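Here is the structure we will look at.
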Amino acid sequence: MIRRKVKEQKDSRVFGVPYFGASVPILEDGVPKGGLTAVWPKRPPLATSYLITRAMDR
């Protein structure tokens, strides 16, 4: 809905274990078609500012 990358650390109250998640929208001609989400058990040691995807074989 917001058409931008989001990332957030969640504590164990959500699913019983803490995790860090990042998601980027998949847009086609500016229209949201889906999203790509990655979840790690904790925030990655390097501050990830991007996720890389390949669009031609999705």
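Worth saying up front: this structure is predicted, and the values here are computed from it rather than measured.
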Taking only residues two or more places apart in sequence or in another chain, which ones pass side-chain contact (heavy atoms from CB on, under 4.5 Å) with P25? L27
Expected output: side-chain S23 to main-chain L36 donor-acceptor under 3.5 Å: yes
R13 meets the side chain to side chain donor-acceptor pair (under 3.5 Å) criterion, sequence neighbours left out, with D11
Side-chain heavy atoms under 4.5 angstrom apart, residues restricted to Ile, Leu, Val, Met, Phe, Trp, Tyr: same cluster for V31 and I26? no
Has Q9 got a side-chain atom pairing as donor or acceptor with Y19's backbone, closer than 3.5 angstrom? yes
Spacing of F20 atom CZ and E8 atom CD [to the nearest 0.5 Å]: 9.0 Å
